[in-house]
Amino acid sequence: MTPEQSPEQSAAGARAQRLSDRRSLGRAMVLMGAVMILEIAGALASNSLALLSDAGHMFTDGLALGLAMFALTMACRPASPRVTYGYYRFEILAALGNGVLLGLIAIFLFYGAWIRFLDPPEVAGGIVMGVASAGLAANLVGLYILKGASRHGLNVRGAALHVLSDTLSSFAVVVGGGVIAATGWTKIDSILSAGIGLVIVIGAVRLLRESVDVLLETAPAGISLAMVRDEIQSIHGVQEVHDLHIWSITSGMTALSGHVVLQATTLAHSDRILNTIKERLKERYAIGHTTIQIESEFYREIGEVHESVH
Ligand SMILES: [Zn+2]
């Protein structure tokens with residue numbers, strides 16, 4: 001282990017990053033909460049479902065931000081003898097719960113939009129336009145706050161995506177309010193609500209798919225098991241690789257385990273070969289957690305060996 005890659009150092013860096021992400025999320029959450037209350041009041045005053053949809057969307061933003069903050073707090077907790085990987089997967093569980101909730105909110109919006117499309121009520125377009133403009137401005141500020149943080153975990157990125165889609169929906173509601181004020185065509189209010197519902201569904205499906213992938217321990221997107229196996233087998237002295245597994249502990253944290261058979265003549269250099277394997281995995285695939293079992297060609301396996309990758 002070289003000094004510049006010491007796990008203590010990288011863990012401290014990751015921790016500082018999480019604390020900074022958490023502050024950004026907190027600021028954005030307060031902002032979304034304030035605007036959501038404003039939008040609910042505006043929706044009641046103007047009788048606009050589109051505005052209420054936007055408030056619902058803001059609520060999910062606030063929730064996503066809160067869940068992301070909670071997950072980051074849990075990820076800062078150290079591992080224990082029982083919870084050996086630490087609490088990183090709270091992030092994934094939070095993303096999963098968030099996806100389910102988004103789906104439910106979308107169903108509510110579709111239902112409301114359909115009822116109101118059939119029998120469009122009066123809507124005060126001017127109020128809708130004014131309140132949605134405030135929402136739009138708040139979303140833009142929220143996006144700016146999350147800009148630095150959003151590149152990291154699935155949950156922070158999910159929260160930033162929420163805010164982005166809400167920026168678009170707030171803009172649509174501003175336009176819708178303008179159309180109602182100018183022409184009195186109130187059906188646009190229902191149409192916009194359904195549109196916002198659709199945007200929420202798309203976000204929900206993506207979050208669910210990504211979090212379920214992590215929970216099913218599928219190989220992370222962008223890493224091919226066959227390529228990694230070929231890579232290891234191409235290293236001088238390696239005869240064969242089997243029982244290879246690649247999975248995510250949480251988003252952006254990849255783990256690998258596998259058996260590596262060395263040629264009898266190179267067994268004496270097993271440490272050097274093992275280091276070469278680990279360096280390649282780290283450099284080319286950003287796989288930091290590895291457990292590699294070195295075997296000679298005469299080793300007779302005891303216990304379960306995964307057959308699919310032999
Ligand atoms: Zn083996």
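Ligands are counted one by one from 1 in listed order, and the atoms in each one are counted from 1 as well.
- For His242 atom NE2 and Glu295 atom OE2, the angle they make at the Zn ion (ligand 1) is roughly 130°, to 10 degrees.
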Let me have the donor-acceptor pairs involving side chains of residues 258-268, under 3.5 Å, with sequence neighbours excluded, atom names and distances please.
unit_1, atom_1, unit_2, atom_2, d
His259, ND1, His242, NE2, 3.3
His259, ND1, Glu295, OE2, 2.7
His259, ND1, Glu301, OE2, 3.1
His259, NE2, Asp243, OD2, 3.4
Thr266, OG1, Gly237, O, 3.3
Thr266, OG1, Gln263, N, 3.4
Thr266, OG1, Gln263, O, 2.8

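- In summary, no N, O or S atom of Asp243 is located under 2.8 Å from the Zn ion (ligand 1).
- Take the Zn ion (ligand 1) as the corner point: the lines to ND1 of His259 and to OE2 of Glu301 open at 80°, to the nearest 10 degrees.
- The salt bridge (Lys or Arg N to Asp or Glu O under 4.0 Å) contacts involving residues 121-144 comprise nothing, where partners must be two or more places apart or lie in separate chains.
- Under the 4.5 Å side-chain criterion, counting only non-hydrogen atoms from C-beta, Trp185 is in contact with Ile188.
- Within the 4.5 Å cutoff, the side chain of Phe110 has no heavy atoms near those of the Ser193 side chain.
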